[in-house]
**Student:** 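Got a structure for you, written out below as structure tokens; questions coming shortly.
The first residue in the sequence is number 1, and the count goes up from there.
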Amino acid sequence: KFIIGTIKQQKKDFFGYKKPDIIIMDSFSELTDQMFIDTNSNRRFLANYGDIQHELLPNHYVCSGLIESDLYKVYDLFFKKISEVYKNTPLYFVHFSAILDTKEKFRDREKEIKNAILSCSKKYLFIKIIDIDDSEIEWSDEGDDEYKELPYHYSKETYNLFTKKLKEEL
């Protein structure tokens with residue numbers, strides 16, 4: 001109702017699939033997603049704060065802020081399990097820059113993610129980081145004004161750079 005598609009998607013077991021040829025993941029969820037907690041049942045879900053229709057969200061849900069405080073620990077556990085379940089499967093980690101975001105908490109979070117992934121990539125050699133220089137990140141010039149103002153909706157050229165880097169790594 002208020003974000004039912006996201007909640008259903010989170011119920012899927014990532015490690016329940018057959019071994020993939022490659023894994024591609026990005027930093028967007030860890031960068032901006034918030035934890036919402038049902039104070040009656042302690043059930044939880046994750047979502048971007050702006051994606052929630054708050055007027056439909058029951059009052060007993062509270063937002064507890066950005067997900068996970070120790071990202072290195074969480075990433076390390078996740079990549080360890082990947083190395084066990086999907087042995088020798090390359091993982092391409094697309095790093096989203098916060099350069100266009102004016103909120104300091106997201107800029108700090110981006111640095112934390114970058115440092116955690118860099119450390120993990122030294123430990124788990126199957127991780128390849130797909131990152132483009134901040135100077136190459138451009139605002140989107142498509143969509144309505146509200147869409148264009150969102151700091152993680154990059155230009156087509158920016159996404160093409162990500163794609164080019166990914167293809168080079170493959």
Side-chain angles (χ1 to χ4, degrees), residues 6 9-35 44-51 64-143 147-170:
T6 299
Q9 184 181 17
Q10 290 175 17
K11 289 183 178 182
K12 294 184 180 176
D13 177 14
F14 176 80
F15 294 103
Y17 296 101
K18 71 177 191 163
K19 184 180 183 297
D21 294 328
I22 63 171
I23 299 169
I24 301 174
M25 66 182 285
D26 64 57
S27 62
F28 189 69
S29 290
E30 293 84 6
L31 183 58
T32 66
D33 276 7
Q34 313 271 328
M35 174 78 72
R44 299 155 186 252
F45 71 91
L46 307 170
N48 185 290
Y49 193 87
D51 290 345
S64 68
L66 293 171
I67 60 174
E68 304 300 339
S69 57
D70 186 351
L71 284 177
Y72 175 79
K73 181 180 173 186
V74 173
Y75 280 135
D76 185 56
L77 289 170
F78 180 68
F79 294 137
K80 182 179 189 295
K81 184 145 185 183
I82 284 178
S83 72
E84 295 165 353
V85 176
Y86 297 133
K87 192 174 182 79
N88 299 321
T89 300
L91 183 144
Y92 299 92
F93 188 92
V94 180
H95 180 78
F96 280 92
S97 170
I99 192 67
L100 302 179
D101 204 322
T102 58
K103 297 179 187 118
E104 191 172 331
K105 77 176 182 178
F106 294 123
R107 286 178 169 237
D108 291 345
R109 183 68 162 199
E110 180 216 354
K111 290 176 192 154
E112 183 184 355
I113 292 168
K114 198 172 211 171
N115 290 335
I117 292 299
L118 229 100
S119 295
C120 285
S121 70
K122 292 174 184 168
K123 183 175 179 179
Y124 303 101
L125 301 180
F126 59 85
I127 299 171
K128 307 292 181 211
I129 300 171
I130 308 300
D131 192 12
I132 61 176
D133 191 85
D134 282 347
S135 66
E136 298 181 292
I137 305 285
E138 299 175 351
W139 290 94
S140 175
D141 56 1
E142 297 183 8
Y147 182 89
K148 289 179 193 176
E149 291 173 8
L150 296 170
Y152 303 101
H153 290 184
Y154 304 141
S155 70
K156 230 183 230 183
E157 292 79 14
T158 301
Y159 288 117
N160 286 339
L161 287 172
F162 277 117
T163 303
K164 181 181 175 193
K165 278 212 152 180
L166 179 59
K167 284 180 179 179
E168 288 169 0
E169 288 290 334
L170 293 171

**Student:** How many angstroms lie between atom CD1 of I137 and atom OH of Y154, to the nearest 0.5 angstrom?
**Tutor:**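 I137 atom CD1 to Y154 atom OH measures 5.0 Å (nearest 0.5 Å).
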
**Student:** Looking at every heavy atom in both E136 and L161, which two are closest together, and how far apart are they?
**Tutor:**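 So the minimum-distance heavy-atom pair works out to CB-CD1, 3.7 Å.
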
**Student:** Where the side chain of D33 meets the backbone of N48, is there a donor-acceptor pair that is under 3.5 Å apart?
**Tutor:** yes

**Student:** Any non-hydrogen side-chain atom of F126 less than 4.5 Å from a side-chain atom of I82?
**Tutor:**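 In contact.
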
**Student:** Looking at every non-hydrogen atom in both residues, tell me the closest pair between I22 and Y92 and how far apart they are.
**Tutor:** CG2-CE1, 3.9 Å

**Student:** Between T89 and I23, which heavy-atom pair has the shortest distance, and what is it?
**Tutor:** CG2-CG1, 3.9 Å

**Student:** If I take atom CG from residue L71 and atom OG from residue S119, how far apart are they, to the nearest 0.5 angstrom?
**Tutor:** 11.5 Å

**Student:** Hey, can you tell me if Y75 and F79 have their rings parallel, tilted or perpendicular (30° and 60° cut-offs)?
**Tutor:** parallel

**Student:** Closest approach of Y159 and H153, non-hydrogen atoms and distance?
**Tutor:**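 Answer, listing the atom of Y159 first, then H153: OH-CA, 3.9 Å.
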
**Student:** Please round to the nearest 0.5 Å and tell me the distance separating atom NZ of K114 and atom OG of S97.
**Tutor:** 7.0 Å

**Student:** Find the distance between CD1 (I130) and NZ (K167) and round it off to the nearest 0.5 Å.
**Tutor:**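 The distance works out to 12.5 Å.
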
**Student:** Counting only heavy atoms not in E168 (residues, nucleotides, ligands), do more than 12 fall under 6.0 Å from its CD?
**Tutor:** yes

**Student:** Determine yes or no for a side-chain-to-main-chain donor-acceptor pair under 3.5 angstrom, with S121 supplying the side chain and I127 the backbone.
**Tutor:**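 Judged by distance alone, no pair lies under 3.5 Å.
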
**Student:** Is a donor on one side and an acceptor on the other found under 3.5 Å between the side chain of R107 and the backbone of D101?
**Tutor:** yes

**Student:** Can you confirm whether more than 12 heavy atoms, excluding those of D133, are under 6.0 Å from its CG atom?
**Tutor:** yes

**Student:** Above 12 or not: heavy atoms from other molecules or residues under 6.0 Å from NZ of K19?
**Tutor:**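 For K19, atom NZ is crowded (more than 12 foreign heavy atoms under 6.0 Å).
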
**Student:** Does the gap between the ring centers of F96 and Y152 come in under 6.0 Å?
**Tutor:** no

**Student:** Taking all atoms of both residues into account, what is the closest heavy-atom pair of I132 and K165, and its distance?
**Tutor:**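 The answer is CG2-CD, 3.9 Å.
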
**Student:** To the nearest 0.5 Å, what is the distance between CG (D131) and CG (L118)?
**Tutor:**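 Atom-to-atom, D131:CG and L118:CG are 9.0 Å apart.
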
**Student:** What's the spacing between I129 CD1 and I117 CD1 if we round to 0.5 Å?
**Tutor:**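 Between atom CD1 of I129 and atom CD1 of I117 there are 6.5 Å.
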
**Student:** Run the numbers on K80 and E84 for salt bridge (Lys or Arg N to Asp or Glu O under 4.0 Å), then give the verdict.
**Tutor:** CA-CA 6 Å; K80 182 179 189 295; E84 295 165 353; 2.7 Å; yes

**Student:** Answer with yes or no whether the side chains of H95 and E110 bring together a donor and an acceptor at under 3.5 Å.
**Tutor:**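 Yes, because at least one side-chain N or O of E110 sits under 3.5 Å from a partner of the opposite role on H95.
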
**Student:** Checking side-chain contact (heavy atoms from CB on, under 4.5 Å) for the pair L66/F106: CA distance, chi angles, key distance, verdict?
**Tutor:** CA-CA 9 Å; L66 293 171; F106 294 123; 3.7 Å; yes

**Student:** Would you say OH of Y49 has more than 12 non-hydrogen atoms from neighbouring residues, nucleotides or ligands within 6.0 angstrom?
**Tutor:** no

**Student:** Please determine, by modelled atom types, if Y72 and N115 share a side-chain donor-acceptor pair under 3.5 angstrom.
**Tutor:** no

